[in-house]
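Just so we're clear, the structure is a prediction, and the values are computed from it rather than from any experiment. Chain identifiers are assigned alphabetically (A, B, ...) following the order of the sequence lines, protein sequences preceding nucleic acid strands; residue numbering begins at 1 within each chain.
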Number of protein chains: 2
Amino acid sequence: MRARTTRQLEVIRTVIQAADRPLTVAELHAEAARELPGLGIATVYRAVRDMARDRMIVAVNYPGQPTRYEAALARHHAHFICHHCKRVFDVEGPEEVPLPRRRPKGFKFTGNEVVYYGSCADCARMGRGKR
Amino acid sequence: MRARTTRQLEVIRTVIQAADRPLTVAELHAEAARELPGLGIATVYRAVRDMARDRMIVAVNYPGQPTRYEAALARHHAHFICHHCKRVFDVEGPEEVPLPRRRPKGFKFTGNEVVYYGSCADCARMGRGKR
DNA sequence: TTTTTGTTGATAATGAAATATCAATACCCA
DNA sequence: TGGGTATTGATATTTCATTATCAACAAAAA
């Protein structure tokens, strides 16, 4: 049972590779469906499951919302969550995040992640600047 | 319909105020039930909903797991997620998190949050040090 | 082409968190 | 202390994300 190269997989992969931010399955489906009307949501779920298994994409989770996925790029980056539209954007990562001065003993710190909050350009423009 | 001071609310509030890490409703229920056997999970959900509404506690979300809640303390702190047991711990926040050098134009950065990853003392001790 | 069989799309099913329902209970004020 | 009524506990229901099912379809090989 060798894998087949289908039009839907091609489109789904292209969309997620081209995206500049992590997408939910729904967002990915909506975008891919523009190129391929009739695309089933189940197909997107299957594609995402497989790509995640193969490490082509990585899962990203944030408050209340469904899991998002983005291409597994090597470059380090952080996320920016818009308080208003709740979309998640990729932004350049911070220079460096220092470890806490005091660390609970016995704990091993192996990595960190930074999330910035604020208003995205669209929302800020609409006067929803604060919070 | 004035609010009443019930034993269950007292216990639930005490537990979450005393906790040194964000708790899921299940964790909170388990802990409170030790003091008050028979405590219903629905009561915990109701208490949490109300406390969150009144800003006594804040919601904290992380990958795959249900929403966690913790006392809304003023002091700034970060979270530490153990790769193994998945528990979330409070740790002292980093000195300072610099903004990305390049920021998408129009975006307003209003805050940030840091999450550290690694092994908690318990898991590290059990030889599950790496990852 | 024809055949084989992996893949798709529609949808039912599942799983889990959170909310709604309601009779029984227990606060708390008169 | 008695009773009106907010709250509780058990559980049904809802809500959604995700997975399973399966007939129809379409890659890829012959």
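- Residues of residues 44-57 of chain A having a heavy atom closer than 4.0 Å to DNA chain C, listed by number: Arg46(A).
- Side chain of Ala42(A), nearest nucleotide from dA20(D), dT8(D), dA28(D): dA20(D).
- Following rounding to the nearest Å, Arg13(A) (CZ) and dT7(C) (P) show an atom-to-atom distance of 10 Å.
- Look at CZ on Arg7(B): it is 19 Å from C1' on dA6(D), rounded to the nearest Å.
- Residue Ile12(B) is found in a hydrophobic cluster whose other members, listed by chain and number, are Val11(B), Val15(B), Ile16(B), Leu23(B), Val25(B), Leu28(B), Leu36(B), Leu39(B), Ile41(B), Val44(B), Tyr45(B), Val48(B), Met51(B), Met56(B), Ile57(B), Tyr69(B); membership requires side-chain heavy atoms under 4.5 Å apart, directly or through intermediates.
- For Leu28(B) and dA18(C), the CG to C1' distance is 15 Å, given to the nearest whole Å.
- Taking atom CD of Glu10(B) as the reference point, atom P of dC27(C) lies 9 Å away to the nearest angstrom.
- In this structure, the CD1 atom of Ile41(A) is 10 Å from the P atom of dA17(D), given to the nearest Å.
- Classification of the Tyr116(A)-Phe109(B) ring pair by plane angle, with boundaries at 30° and 60°, yields perpendicular.
- Taking the side chain to side chain contact (heavy atoms under 4.5 Å, CB included) definition, one finds that Arg46(A) meets it with Ala42(A), Thr43(A), Arg49(A), sequence neighbours left out.
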Starting from the C-alpha separation in whole Å, work towards a yes-or-no answer on side chain to side chain contact (heavy atoms under 4.5 Å, CB included) for Arg87(A) and Asp122(A).
-> CA-CA 11 Å; Arg87(A) 284 184 297 179; Asp122(A) 292 342; 2.9 Å; yes

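- Put simply, NE2 on His29(B) is 15 Å from C1' on dA17(C), counting in whole angstrom units.
- Every residue two or more places apart in sequence or in another chain was checked for a salt bridge (Lys or Arg N to Asp or Glu O under 4.0 Å) with Arg102(B), and none qualifies.
- Ala26(A) is linked by a side chain to side chain contact (heavy atoms under 4.5 Å, CB included) to Thr24(A), counting only residues two or more places apart in sequence or in another chain.
- Whole-Å rounding puts the Asn61(A) CG to dT18(D) C1' distance at 13 Å.
- Between the CD atom of Glu31(A) and the OG1 atom of Thr14(A) there is a distance of 11.0 Å, given to the nearest 0.5 Å.
- Between the two ends of the helix from dT1(C)-dA30(D) to dA30(C)-dT1(D), each summarised by a five-pair axis, the helix axis turns through 30° (rounded to 10 degrees).
- For the pair Leu9(B) and Arg4(B), nearest-nucleotide mapping onto DNA chain D gives the more 5' position to Arg4(B).
- Summarising the geometry, the separation between CG on Leu36(A) and P on dT8(C) is reported as 10 Å, rounded to the nearest angstrom.
- A side-chain donor-acceptor contact under 3.5 Å links Gln65(A) to the backbone of Lys86(A).
- With distances taken from any side-chain atom of Pro66(B) to the nucleotides dG6(C), dA17(C), dG4(D), the minimum falls on dA17(C).
- Gln8(B) has a side-chain polar atom (N or O) that falls below the 4.0 Å cut-off from OP1 or OP2 of dG9(D).
- When the side-chain nitrogen and oxygen atoms of Thr43(A) are compared with OP1 and OP2 of dT7(C), none of them lie within a distance under 4.0 Å.
- The phosphate of dA18(C) (OP1 or OP2) has a side-chain N or O of Thr67(B) nearer than 4.0 angstrom.
- Contact annotation: Thr6(B) side-chain N/O to dT8(D) OP1/OP2 distance is under 4.0 Å.
- Ring orientation note: the planes of Tyr117(A) and His83(A) are close to parallel, at an angle under 30° on the 30°/60° scale.
- Rounded to the nearest 0.5 Å, atoms SG (Cys123(B)) and NZ (Lys108(A)) are 11.5 Å apart.
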